[in-house]
Undergrad: 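I am attaching a structure below and will ask some questions about it afterwards.
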Amino acid sequence: MSDTAVHSQEPQLLEVSIGPQHPSTHGVFRMNVVLDGETIVKLKPVMGYLHRNHEQLAENMSYLASMPYTDRLDYICSMTNNFAYAMAVEKLAGIDVPERAQYIRVLMAELTRLINHTLLVGFLLNDLGAFFTPTLYAFREREKILDFFEATAGSRMMCNYFRFGGVKADLPAGGMEQVKEIVKNYSRFLDEFERLLTSNEILRSRCQNVGILSKELAVNASITGPILRASGVNYDIRKVDKYSIYDRFEFKVPLGKVGDVYDRYYVRILEMRESIKILQQLLKQMPEKGEILSAKGAAAAKSPRMWKPPAGDAYGRIESPKGELGFYLVSDGSPKPYRYHVRPPSFINITILEDMCLGQKVADAIVILGSVDIVLGEVDR
Amino acid sequence: MNVEEIKNDLLKHVPGLELTVEGESFIVPKEKLLEAARFLKENEKYRMDYLSCVTGVDYLAQAARLGQPGQAAVGGQSELASGYLESVNHLYSMEKKHGPIVLKVRVPRSDPRMPSLVPLYRGAEYQEREAYDLLGIIYEGHPDLRRILMWDEFEGHPLRKDYVEEDQDIR
Amino acid sequence: METSESIFVVIKKAILGFFHGFLPDWTVVIISILISVTAIVIFGPVTMMFLTWLERKVVGRIQNRYGPNRAGIFGLLQPIADGVKMLTKEDIVPRAADKVTHFLAPVIVVIPALLVFSVLPFGRGMAAVNLNVGLLFFLAVSTMSTIAIFMGSWGSRNKFSLLGGMRAVAQMVSYEIPMVMSVVPVILVTGSLSMVSIVEAQLGGKWFVLTPWGFFGAIVFFLCGVAEVNRTPFDLPEGESEIIAGFHTEYSGMKFALFYMAEFMSAFAIAGLTATLFFGGWDGPLLPSWLWFLVKSYAMIFIMIWFRGTLPRFRIDQLMGFAWKLLLPFALLNIFVAALWQMLPAPKNLIVSGIAEAVILVIVFFASRKDSPKKRTYVFAD
Amino acid sequence: MFGFGVLKGMSVTLWNFILSYVYPKKGITTVQYPEQKKEVEERFRNFPFLVYEGAPDNMRCVACDICSKECPPKCIYIIPEKDAQGRVQKKPATFDIDYAICMNCGICEEVCPFDAIFMDHEYELAEYERLSSLLYHKEDLLKPVEHFAKIRPTDYGRIEATRAAKGVKGRAQPVAGAPPKPAETQQSPPATS
Amino acid sequence: MDVLHNLARLGFFAATLVTLAAAVMVVTLRNIFHCALALILVLLGVAATYISLKAEFFAVIQILLYVGAIMTLVIFAIMLTSRIGDKTVLQNNRQGLMSFSLLALFNAFFIGSVIKTSWHLNPAAMTANVDAGVLGAAFMNEYVFPFEIISVVLIVALVGAIILGRSDQ
């Protein structure tokens, strides 16, 4: 703080703690904010209220037993959590995945991306003050996808659907028609959402040039996901690692220029349109029949608590809707993992929350936190 | 980007570095970690500008001695044989989009201090604080090393293999 | 048709006639005042209860759901249920609060909300008091609620309510001036401040909103009115997502209900005033006059609720910028157009003031282009 | 900052407002819960239940204890029956599932080799008291096979086909020879009050 | 109708009494924010006296300007000066008696002279019903020059305030 002229005494700083019980912190997350009037002078995030020591739990259970716990990491996109964990174990134990299971996995991952981005836009508008209308439109569309998840995996949010080497069960009888229906009118819903929001002057003036994140700081602070791409860095793990069968689909990666809250909002809308393109291609290429669990996978699933992967360590990562979600597993040959570490995107994306909020208003801090899209299950593990 | 090529480049450019290769990863002595990481970050060929994941792992004495199958037994440095704490860093390049280079640093459990990577990568800040909080690895040079997930008055490091949870509610 | 037209006036005359028989005349005057007062004191809270129900129903329907439909048919008993809940809720006063101000604030915030109804012309001959400075009285009294809101936020000694109080005072002061300026054309054309004469000037379908200056004047006045009453998109003083509940964070139970009642009654007053000033008050072809007034006011209320269901909230500096840099200059220029309209004879004035209005719109549009948000382009990498 | 974008947004909400009156099937998405109930998908899984054929006594479960070992939160507690001479029978004497701990992940259904435990569709299980009333004992868990056939027809068809193929017929009489290895019941009983 | 007339006079006396009481409270209350509220009450009392003298326009202008604008700015001032709100200033001190006696002496002369002078009343002004229209015309016709001078003074004051108030960044 530049030392202002002698006669004006130091400005009356207001120490406010936003959270952990606050209407718009997406869960139990606290920000100790020091305000000079309405502008933020200092911001210290405090977390750990939802810490369940998921990693120690996983070290005392068999590999399959911690699969349902990965649903509870980022409870909005449980399918992608399962996907990342399944890939990590497959890399560790060298299990192959049959053709149809790969297609089902990409189908589930892209549907989860649609859910996550739609919900995020809804909650971002809630932080901006729109009285729940965009959120409830988002929920209305999410219900259709969740019905499909319930029909295939058995549970709407806690799917526990992926197994090492494939998936638990094939699509139900009417499954393909349900997906076709969802994909067909999702782009119509996105047009309605954009008509409601994108050209809204109040939204634009509230979000443009707020919480700007430069390219260099984003890369240096290992930010991943839509926030990184909104700052203009072209890094999408689906394109970099080409894991699973993503190389068979032709889709673009939208990049922003300024890297502020408005870019993060609009990059997510464009990513949803790309996901719809992937789903359309997937529906055309998907083989009608095929086994959904490879031989090695079936062996692992027969008696999970006896199954012993070879010793060694492996790091599997995917492009989850919030960023790079990775699992680092060390196995010592016993049925229980020796070390089980989750690399959560939300936890690392808030490292530079303070840099984005300095000098902004209180209302902006809430909006920036909303645009960073954190889920506390994943931050605290 | 095979392991041999990286090993030779590292040995060539970082003076006085004795490197052991374990499967895909490199065991770097803690004194040379910052130099090796800086070389990998600035060198034109690699440009490893993205530190994806920092993990702390705790190897107890018997696990260390018998050595993980597929990992070299650690009999060599005597004080490490009594069990060591390991910090695994996965480095990627966002610019050149090429695969992970894994740097591992091992410190004995009795003196768990190692240099922090925060001066090079801001992304390591929270992950190193978590490794300190749950495993007790002290990162020197970390701007603000305090507990991140547990509450500040918590004693002990829960993820250590020899962590015994004291029973508060013995009725 | 004639009886339904002035049914309320006839009732009042009947009551007065009844008392006139055996009471001295000065008591009859007092009784007529009392009748008007009780009418308003009943009408105010009842409108508030109906508005809370209407708001939840309309916002519900906007969000593809029913809205309250459990308490009573169509959920009509919901306000009563809320009222009972508010009565039975514990009234918490924070220990560090400044007891006097904390207690007085909800009381004082309701007074202006009720006073304002005395001036509104509900129908032909149904304005409670035909003050010849009615309009100015309306504006003056509505500024008093600012002080009451600040008392509430200062009294509860809570950081968030302090922020809310600061925002409320800043917002009210900066939206009062464009509001007064946007009313000046109406006074200029009717030549009097009394609300009844304003409505009489618009009789026979010659509503002010149909004139060029009136249409945009109505928009400016309505926006300032919405800001004055702290409703979306100007509801910063009680921005839920930022500073929890702004100035009424520390209020619960009946005190919170009073704040809530004051907000809704002044919202209805603003809607009624817009209808009176620009949409011809109770002037309308078929229906009785007081019904026209209610129809028009509830149309305005619907727009306010529609705002609430759609728009996000302004930030404090944009809020100020919008008032000082856009509404105030536009309202001032609008006065010139109204003067033009008033001076020139009938056919020409419409054309000339129409052109003048268009010119003003273009000026203000280009003046505010600099800080208005830009469209963005995005790159698609592979 | 002129309001055309704002007007476009408001047209969307007005359209939804009108739609909810004009065409409720598409305009209203909420289900009035107590009166109308949203029927549950076939593979929906809530808390597990035990299957018996014919009489409750003739249950498929043989107390092999695989499910209680596989259960991630360890909420199943089995004590096998002992006959007069103390030999362990292939029937559970007590079979408790603590519904308060169970997270309906469905792993017990997958690993059960005897098709004895399946996930139910019943989700209205509210209780007044958390600890004891949510601990379901064997009697509360037992449900006939017909119930399983009714709620999950395709799965029932598939399982019956595999059972018929393997020639598994009903309740196997207790094999006279060496009793199966007594299942060690070392896992700690769930928190019973 | 004299009863109504008496009621009106009673109302007038009540209004002045409230004003006086509030005026005393303004100077004797501990908390400065309560003093500001008492000042608002004083101004409202003055508006009430205007109403009882049938000058509604003045009463409304009084409420609009004094209570609406000036008192809000006073509250702004209280709010912005740091930590002035919670310090309770000691109101009474030793010179209380001496100043009271001086005050009583001054009042004696003042009221005495007010009673003695014979105010000659201009009967026309007594019954003239001054409303907004008449005032507006007066401003624009006879008194247009002082009206312009005052507006210039106000503009100068406004600009000066902005320059002083602009903090030096």
Side-chain angles (χ1 to χ4, degrees), chain A residues 44-53 55-56 59 215-224 228 233-237 239-242 310-315 317 323-333 338-345 347-353 355 379-381, chain B residues 22-25 41 47 49-60 62-63 66-71 86 88 90-100 102 104 118 120-127 129-131 133-135 144 147-152 154 158-161 163 165:
Chain A
K44 277 278 163 288
V46 177
M47 57 201 101
Y49 293 93
L50 200 58
H51 178 56
R52 305 154 289 201
N53 214 339
E55 288 163 4
Q56 193 183 31
E59 277 161 17
K215 250 182 167 177
E216 303 69 29
L217 178 61
V219 169
N220 196 328
S222 348
I223 304 291
T224 50
L228 182 71
V233 178
N234 175 8
Y235 191 77
D236 182 333
I237 298 173
K239 289 279 181 185
V240 169
D241 282 4
K242 290 192 172 38
D313 65 349
Y315 178 67
R317 63 175 193 161
E324 175 194 325
L325 171 65
F327 281 81
Y328 178 71
L329 302 170
V330 176
S331 135
D332 58 357
Y338 186 80
R339 174 73 167 104
Y340 168 104
H341 174 72
V342 181
R343 190 267 185 211
F347 179 63
I348 295 165
N349 287 353
I350 37 175
T351 317
I352 33 96
L353 186 63
D355 302 50
V379 168
D380 291 347
R381 283 181 307 280
Chain B
E22 224 179 54
E24 289 293 317
S25 45
K41 183 173 180 183
R47 299 289 300 148
D49 49 14
Y50 168 47
L51 169 64
S52 151
C53 171
V54 179
T55 325
V57 190
D58 168 22
Y59 290 95
L60 274 186
Q62 67 278 17
L66 58 87
Q68 312 306 335
Q71 284 172 343
E86 185 188 68
V88 183
H90 286 76
L91 290 170
Y92 286 85
S93 160
M94 279 199 181
E95 216 181 290
K96 299 216 177 340
K97 295 195 176 29
H98 49 238
V102 185
K104 289 189 178 177
V118 169
L120 276 173
Y121 299 99
R122 258 300 290 289
E125 188 186 333
Y126 277 14
Q127 301 181 61
R129 270 179 65 187
E130 185 202 342
D133 181 0
L134 298 183
L135 276 152
D144 158 28
R147 286 190 180 273
I148 189 163
L149 291 179
M150 307 300 272
W151 61 97
D152 291 343
F154 183 85
L159 266 184
R160 289 235 174 142
K161 289 295 177 188
Y163 176 73
E165 188 191 341

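In what follows, chains are A, B, ... by sequence order, proteins preceding strands, each numbered from 1.
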Undergrad: Show the nearest heavy-atom pair for residues B:Cys53 and A:His341, with the distance to one decimal.
TA: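 Looking at all heavy atoms of both residues, the shortest contact is SG-CD2, 3.7 Å.
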Undergrad: Could you tell me which portion of B:Leu135 (side chain, backbone, both or neither) has an atom closer than 4.5 angstrom to a non-hydrogen atom of chain A?
TA: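 It is the side chain, since no backbone atom gets that close.
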Undergrad: Is B:Val88 in contact with chain A via its backbone, its side chain, both, or neither, using a 4.5 Å heavy-atom distance?
TA: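 Side chain only.
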Undergrad: Tell me, side chain or backbone of A:Asn53 under 4.5 Å from chain B's heavy atoms, or both, or neither?
TA: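 Only the side chain of A:Asn53 comes within 4.5 Å of chain B.
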Undergrad: Surrounding NZ of B:Lys96 (heavy atoms of other residues, nucleotides or ligands, distance under 6.0 Å), is the total greater than 12?
TA: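 Yes, enclosed.
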Undergrad: What do the steps show when you test A:His51 against B:Leu134 for side-chain contact (heavy atoms from CB on, under 4.5 Å), and what is the final call?
TA: CA-CA 11 Å; A:His51 178 56; B:Leu134 298 183; 3.9 Å; yes
Undergrad: Decide, yes or no, whether a salt bridge links B:Asp144 with A:Lys44 under the criterion of side-chain N to carboxylate O below 4.0 Å.
TA: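 No, no charged N to carboxylate O under 4.0 Å.
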Undergrad: Below 4.5 Å, heavy-atom pairs only: which of A:Asn349, A:Asn234, A:Asp241, A:Leu50 has the largest tally toward chain B?
TA: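 Option with the top pair count is A:Asn234.
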Undergrad: Specify the closest pair of heavy atoms between A:Phe347 and B:Leu149, including all atoms of both residues, with the distance to one decimal.
TA: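 Shortest heavy-atom contact: CE1-CD2, 4.5 Å.
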Undergrad: Between A:Ser222 (side chain) and B:Leu51 (backbone), is there a donor-acceptor pair under 3.5 Å?
TA: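 Side chain of A:Ser222 to backbone of B:Leu51: a pair is present.
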Undergrad: Any donor-acceptor pair under 3.5 Å linking the side chain of A:Glu324 with the backbone of B:Ser52?
TA: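 The answer is no, because no donor-acceptor pair under 3.5 Å joins these two groups.
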Undergrad: Using the side-chain contact (heavy atoms from CB on, under 4.5 Å) definition, which of the options B:Glu22, B:Glu24, B:Lys104 pairs with A:Asp313?
TA: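 One option only clears the test, and that one is B:Lys104.
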Undergrad: With a 4.5 angstrom heavy-atom cut-off, is it the side chain or the backbone of B:Leu120 that approaches chain A, or both, or neither?
TA: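 It is the backbone, since no side chain atom gets that close.
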Undergrad: Please state whether the side chain, the backbone, both or neither of A:Asp236 comes within less than 4.5 Å of a heavy atom of chain B.
TA: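 For A:Asp236, neither part sits under 4.5 Å from chain B.
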Undergrad: For chain A, which candidate among B:Lys161, B:Met150, B:Gln127 shows the most heavy-atom pairs at distances under 4.5 Å?
TA: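 Among the listed options, the one with the most contacts to chain A is B:Lys161.
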Undergrad: Using only atom types and a distance under 3.5 Å, with no angle test, would you say the side chain of A:Tyr235 pairs donor to acceptor with the backbone of B:Glu95?
TA: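 Checking the backbone N and O of B:Glu95 against the side chain of A:Tyr235, no donor-acceptor pair under 3.5 Å is found.
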Undergrad: Check the pair B:Met94, A:Leu228 against side-chain contact (heavy atoms from CB on, under 4.5 Å), reporting the backbone distance first and the verdict last.
TA: CA-CA 11 Å; B:Met94 279 199 181; A:Leu228 182 71; 3.3 Å; yes
Undergrad: Go through the atoms of B:Asp58 and report whether side chain, backbone, both or neither lie under 4.5 Å from a heavy atom of chain A.
TA: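 When you check distances to chain A, only backbone atoms of B:Asp58 fall under 4.5 Å.
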Undergrad: Heavy atoms only, distances under 4.5 angstrom: which of A:Ile223, A:Val46, A:Val240, A:Val233 has the most pairs with chain B? Name it, please.
TA: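 It is A:Val240.
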Undergrad: A:Tyr328 vs B:His90 aromatic rings, parallel, tilted or perpendicular, using cut-offs 30° and 60°?
TA: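 It falls in the perpendicular class, over 60°.
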Undergrad: Using only atom types and a distance under 3.5 Å, with no angle test, would you say the side chain of B:Lys97 pairs donor to acceptor with the backbone of A:Lys239?
TA: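 Checked: no pair found.
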Undergrad: Assign the ring pair B:Tyr92 / A:Tyr315 to parallel, tilted or perpendicular, where the plane angle (0 to 90°) is split at 30° and 60°.
TA: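 Answer is tilted, since the angle falls between 30° and 60°.
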Undergrad: Restricting to non-hydrogen atoms, name the atom on A:Tyr338 and the atom on B:Leu60 that form the minimum distance, rounded to 0.1 Å.
TA: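 That would be OH-N, 3.2 Å.
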Undergrad: Are the side chain of A:Arg343 and the backbone N or O of B:Thr55 linked by a donor-acceptor pair below 3.5 Å?
TA: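 Judged by distance alone, no pair lies under 3.5 Å.
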Undergrad: Distance check, rounded to the nearest 0.5 Å: A:Ile350 atom CD1 versus B:Tyr126 atom OH?
TA: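 OH of B:Tyr126 is found 6.0 Å from CD1 of A:Ile350.
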Undergrad: Between B:Arg122 and A:Thr351, what is the shortest heavy-atom contact and its length?
TA: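 That would be NH2-O, 3.5 Å.
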